[in-house]
Amino acid sequence: MVVFSVPAEVAVILLDIEGTTTPITFVQDTLFPYIKDNVKEYLRMHWEEEECQEDVSLLRKQAEEDSKLDGVVPIPLETGNGEDEIERVIQAVVDNVCWQMSLDRKTTALKQLQGHMWRAAYATGRMKGEFFEDVVPAIRKWREAGMKVYIYSSGSVEAQKLLFGYSTEGDILELFDGHFDTKIGHKVESESYRRIATSIGCSANNILFLTDVTREANAAEEADMHVAVVVRPGNAGLTDDEKSYYNLITSFNELFLPLSN
Ligand SMILES: CSCCC(=O)C(=O)COP(=O)(O)O
Ligand SMILES: [Mg+2]
């Protein structure tokens, strides 16, 4: 087993979700199809609610920002409250969501709606968050060794809390000291990682970030975080240059903590 020795200055482990704690297949085959299959019904049921209208406004604003992109679906304002008019706007929202999902976009607007939609699926037991088998035991060990553990995912904080709160391992939210999503900034921008360090109250070099995406690893490294790239079944392949540049781990068990020396 290859071992990555965590530098002594690291006191915080920051984790990505998809491709790091959780198989990409769970996201692609369970979480995302639920959205595509249920978005129209969800919008019809919740249309009059404030939360739903806030989600739609955010999606509309995002569509305006995306107006130059190929295939973008604009979301018109309702010009009345007749059933046909509401149905016309709902259809535009559905088409916009499906367009964004076809590109696996990580916009805050899309992720916010998804988080709200998954609430019912988790609460009724229709879905349970899944993790690679090494994940939960390793996090428990890190915490016993005094590490703080945070999540940083494109999935909204609400979606993250559902995944860890309703999981195959039960409610494991207590294992985390906090959560970050794209409200702090996008995962490929180094400024996001600086803000996370400030928010946690430590230096960036006190943090080790684990992710499957090298553009995210690169941004974190630029902000002075330590990084390791997680190689899991089903993740995108890495180039030879990436394989030789980054510290790679295939399981959280490959992290060797300074306190366990
Ligand atoms: C609770 S996260 C749901 C998965 C998701 O929507 C997503 O975008 C995951 O992205 P990540 O940044 O964790 O790779
Ligand atoms: Mg990921």
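Every number for a ligand or one of its atoms is a count from 1 in the order of the listing.
- In terms of protein heavy-atom proximity, atom 11 (P) of ligand 1 is nearest to Asp16 OD1, 3.1 Å.
- Near the Mg ion (ligand 2), less than 2.8 Å away, sit the protein N, O or S atoms Asp16 OD1, Asp16 OD2, Glu18 O, Asp212 OD1.
- Nearest heavy atom pair, residue Asp181 against residue Tyr152, reads O-CE1, 3.5 Å.
- With hydrogens and angles left out, the side-chain atoms of Gln62 and Thr107 include no donor and acceptor closer than 3.5 Å.
- Under the 4.5 Å side-chain heavy-atom criterion for Ile, Leu, Val, Met, Phe, Trp and Tyr, Leu162 and Met127 are members of the same hydrophobic cluster.
- The distance between the ring centers of Phe131 and Phe26 does not fall below 6.0 angstrom.
- At a heavy-atom distance under 4.0 Å, only side-chain atoms of Phe32, from C-beta outward, approach ligand 1.
- In terms of protein heavy-atom proximity, atom 12 (O) of ligand 1 is closest to Lys187 NZ, 2.6 Å.
- The protein heavy atom nearest to atom 9 (C) of ligand 1 is Glu18 OE1, 3.3 Å.
- Cation-pi check for Arg105 over Phe32 is not met; the charged atom does not lie both under 6.0 angstrom from the ring centroid and within 45 degrees of its normal.
- Scanning the protein heavy atoms around atom 5 (C) of ligand 1, the nearest turns out to be Lys111 NZ, 3.6 Å.
- For Lys148, the NZ atom sits in a loose shell: 12 or fewer heavy atoms of surrounding residues, nucleotides or ligands are nearer than 6.0 Å.
- Residues Leu14 and Val10 do not share a hydrophobic cluster, clusters being chains of Ile/Leu/Val/Met/Phe/Trp/Tyr side chains in contact below 4.5 Å.
- Under 4.0 angstrom from ligand 1, there are no non-hydrogen atoms of Asp212.
- The closest heavy-atom contact to atom 4 (C) of ligand 1, among the options Thr22, Asp181, Val27, comes from Val27.
- The stretch residues 195-239 participates, sequence neighbours left out, in these ring-ring contact (aromatic ring centres under 6.0 Å, His included) pairs: Tyr193-Phe209.
- Ser153 OG, 2.7 Å is the protein heavy atom nearest to atom 13 (O) of ligand 1.
- Remark: the backbone N or O of Asn205 is not paired with any side-chain donor or acceptor of Asp224 at under 3.5 angstrom.
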